[in-house]
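The next block holds one structure in the form of structure tokens; read it before the comments.
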Amino acid sequence: MRISWKDGMVLAVAALSVGFHLYLIFSGLMPNLVTRPLHLMLAIPFIFFFCVQGGPVGRGIAYATGAIGLAAGLYIVANREPLADQYGALSGWLQHGVAIVLILLALEMARRTIKAVLPAIAVLVLAYGLLGKYIPGTFGHDGIPLDYFLGTLVIAEGGLWGDLTGISAEIIAPFIILGCFISAGEAGTGFMSFATQFAGRMRAGAAKVSIVASALYGTISGSASANTASTGTVTIPAMKKLGYPPSFAAAVEAVASTGGQIMPPLMGAGVFVMAELLRTPYTDLMILASLPAFLFFLAAWAGVHFYAIRHGLTGMRGENLPGWGKVARTVPFFLLPFGLLVVLLLFTRYTAPYAAAMATALTVALLLIDSEGRASASRWVSRVAEGTKGAAEQIASIAAILICASLIVGVFHMTGLGVKITSVILSLSGGELWPALLLTALASLVLGMELPTTAAYVICIAVAGPALVQLGLPELYAHMFVFWYALLCTITPPVCGNVFIAAGIANTPWLPVAGNALRLGVGLFLVPLGFIANPSLLLVLESPVLAFLAMAKVGLGIWLLSFVAIDMGRRPLPALGALVGGVVLLFFFGV
């Protein structure tokens with residue numbers, strides 16, 4: 001396999017990034033002022049060197065920015081010991097310059113990765129940290145000396161090198177690597193063939209295949225947009241070929257793929273952040289999230305089912321199904337690493353990153369063969385290169401988001417801004433939980449419109465989480481509630497990334513897709529309210545019987561409300577009865 005020098009350089013840096021993040025799992029304790037700046041430095045090439053577009057001037061600015069950022073990061077690594085002895089206070093013009101460069105670099109990395117909203121919020125928060133002493137009243141603060149303000153953010157662990165960056169480098173990265181290597185092999189064929197064989201013959205079979213396939217893809221990805229782009233290229237054309245309306249086909253995939261971020265075991269980057277913020281084992285969150293995730297896909301399934309009844313959508317023909325033989329040949333490529341990961345997480349004392357590394361090792365071995373059992377060294381090299389490059393790019397994107405978010409969290413901690421916003425939420429809600437929940441849901445929606453799920457979750461939980469806890473909501477429920485509503489941006493207009501991707505694949509206007517997605521995705525809106533009103537739903541580890549009773553109660557309520565969302569206009573009286581029954585089941589007589 002011949003590659004250009006540029007591709008070779010990209011692959012070399014990608015291999016360095018993947019190797020470094022896997023090395024961290026086995027290296028034992030390493031100083032945070034070494035590992036976290038290196039994590040930043042390994043992200044820089046994929047943001048400023050390899051993916052730059054535009055003319056010579058734009059590329060030159062990007063290259064210069066990346067080079068200066070590498071030098072500043074190297075300064076932190078090389079001077080770790082004396083910097084640690086300064087206890088967050090800068091000394092001299094050089095350190096001030098390095099601090100300003102690194103902060104500006106973090107803002108620019110986020111801007112290039114996810115556009116301007118997150119860095120704009122960070123700039124406003126930084127300005128508050130510097131100038132808030134001039135604000136009168138409750139929202140002012142006593143002022144922070146510039147040396148300590150910049151030093152806490154850059155040479156201590158209260159900003160750029162804080163917990164969020166550590167989570168990105170040490171916990172999220174290994175799971176990204178695992179997901180990318182699984183995706184590079186036959187796993188996609190495996191779960192797609194299983195989904196088709198399992199659900200294809202049912203009413204609206206092609207749409208239900210999309211739901212099952214997206215749920216399975218979500219177990220290894222945790223990225224809603226990647227889920228839509230990958231499974232959607234197969235499921236959407238299949239639905240259109242069978243005569244399904246393009247706007248419906250695209251909406252099914254957009255909704256189903258959204259569930260990938262709440263589908264254990266990976267569940268996207270946000271769940272790892274949640275585990276650290278709650279100081280709760282990741283495996284516990286994985287189990288606790290399983291029942292709500294099932295309810296989400298149940299809601300999507302119900303919406304598709306009722307739509308199929310209303311519009312007479314049929315299943316797939318037998319000759320279009322892959323057959324159980326193909327399923328048996330391809331599913332192991334997905335099931336073996338997935339099974340090993342789950343076994344190591346649930347039944348051993350190994351850490352989650354270690355489990356991900358072991359599953360990755362098995363996955364790399366499986367890349368050698370295809371579904372017919374044929375081995376190919378050249379294909380193995382190509383697949384490993386694909387997985388390595390994809391992993392490094394995704395690690396860089398997550399790093400850019402979380403390092404920028406670390407600046408916001410750092411200023412919150414230094415100034416007490418989060419506490420002040422919490423007091424406003426308490427005041428607006430009148431000291432009542434449900435109004436506070438609605439305000440929090442609205443804030444999560446607004447943030448989610450322009451921010452990735454993880455960033456929206458981190459910011460919103462920092463300001464609204466303490467208010468919800470003060471009003472009596474357990475901390476776990478507050479975090480899960482915010483996380484779920486941060487997901488809604490993927491299907492909620494005007495900024496609905498999954499809808500745009502799916503509409504593009506279906507070659508249809510996005511607005512009808514968004515309308516159908518909101519009706520099919522009613523579970524995203526209802527499940528968080530369901531586990532607030534029925535708290536046992538999240539207590540599967542403590543009271544499994546009550547948890548499953550709560551799941552049955554909420555599930556029936558969501559099934560009825562899905563019928564209402566699809567069929568209200570055609571059969572108003574049955575729909576009205578279903579609406580009353582669904583609301584009662586969801587909100588009253590909590591389990």
Side-chain angles (χ1 to χ4, degrees), residues 3-21 24 32-80 83 94-120 122-123 126 150 153-155 159-162 164-166 168-169 172-173 176-177 385 388-407 452 455:
I3 58 176
S4 66
W5 69 268
K6 181 179 179 181
D7 290 339
M9 183 176 296
V10 172
L11 185 58
V13 177
L16 182 63
S17 177
V18 169
F20 168 75
H21 290 99
L24 290 181
N32 292 337
L33 281 186
V34 172
T35 59
R36 296 174 186 181
L38 286 175
H39 179 59
L40 168 70
M41 293 168 66
L42 287 168
I44 286 174
F46 294 95
I47 297 173
F48 293 103
F49 298 161
F50 302 147
C51 302
V52 180
Q53 298 178 345
V57 175
R59 290 196 300 272
I61 292 173
Y63 298 155
T65 303
I68 294 170
L70 288 172
L74 186 61
Y75 175 86
I76 300 293
V77 174
N79 295 277
R80 177 194 67 82
L83 290 176
L94 178 59
Q95 290 186 7
H96 284 79
V98 168
I100 293 170
V101 163
L102 286 172
I103 290 171
L104 293 176
L105 179 78
L107 297 172
E108 179 63 7
M109 287 176 67
R111 187 192 70 82
R112 288 174 178 266
T113 302
I114 55 169
K115 300 183 180 178
V117 174
L118 179 60
V123 167
L126 288 167
L150 294 177
L153 293 176
V154 176
I155 68 169
L160 294 178
W161 323 127
L164 290 181
T165 305
S168 176
I172 296 174
I176 290 176
I177 294 167
T388 300
K389 182 173 179 289
E393 290 173 346
Q394 288 191 34
I395 289 170
S397 296
I398 294 294
I401 294 167
L402 290 183
I403 290 172
C404 186
S406 295
L407 289 173

I need the [X] [atom1] to [Y] [atom2] distance, nearest 0.5 Å.
X	Y	atom1	atom2	value
Thr65	Ile47	OG1	CD1	12.0 Å
Ile398	Leu164	CD1	CG	11.5 Å
Leu102	Leu40	CG	CG	6.5 Å
Leu126	Leu150	CG	CG	9.0 Å
Met109	Leu118	CE	CG	12.0 Å
Ile395	Ile172	CD1	CD1	10.0 Å

Inset, instruction - List for me each residue that meets ring-ring contact (aromatic ring centres under 6.0 Å, His included) alongside Tyr75, sequence neighbours excluded, and say none if there are none. - result: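 With neighbours one apart ignored, the set is empty.
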Inset, instruction - With sequence neighbours left out, write down each residue that passes ring-ring contact (aromatic ring centres under 6.0 Å, His included) with Phe46, or none if nothing qualifies. - result: Phe50
Counting only N and O atoms by type, is there a donor-acceptor contact under 3.5 Å from the side chain of [X] to the main-chain atoms of [Y]?
X	Y	result
Arg111	Pro119	no
Thr165	Leu160	yes
Ser17	Val13	no

Test item: [X] and [Y] side chains (from C-beta on) under 4.5 Å apart, heavy atoms:
X	Y	value
His21	Leu42	yes
Leu11	Asp7	no
Ile76	Ile155	yes

Please give me the minimum heavy-atom distance between [X] and [Y], naming the atom from each residue.
X	Y	answer
Ala14	Lys389	CB-CA, 3.9 Å
Ala106	Cys404	O-CB, 4.0 Å
Val101	Ala72	CG1-CB, 3.8 Å
Val18	Ala391	CG2-CB, 4.0 Å

Inset, instruction - List the steps and the verdict of side chain to side chain contact (heavy atoms under 4.5 Å, CB included) for Leu33 and Val77. - result: CA-CA 6 Å; Leu33 281 186; Val77 174; over 6 Å; no
Inset, instruction - Run the numbers on Tyr63 and Phe49 for side chain to side chain contact (heavy atoms under 4.5 Å, CB included), then give the verdict. - result: CA-CA 6 Å; Tyr63 298 155; Phe49 298 161; 3.8 Å; yes
Legend entry - Criterion side chain to side chain contact (heavy atoms under 4.5 Å, CB included) on Val154 and Gln95, from CA distance to verdict: CA-CA 9 Å; Val154 176; Gln95 290 186 7; over 6 Å; no
Legend entry - Test applied, side chain to side chain contact (heavy atoms under 4.5 Å, CB included); reference residue, Leu105; option that passes from Ile44, Ile403, Leu70, Ile68: Ile44
Inset, instruction - Determine, stepwise, if the pair Trp161 / Val34 fulfils side chain to side chain contact (heavy atoms under 4.5 Å, CB included). - result: CA-CA 10 Å; Trp161 323 127; Val34 172; over 6 Å; no
Inset, instruction - Tell me yes or no: between the side chains of Ser168 and His39, is some donor less than 3.5 Å from an acceptor? - result: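 Present: a donor and an acceptor within the cut-off.
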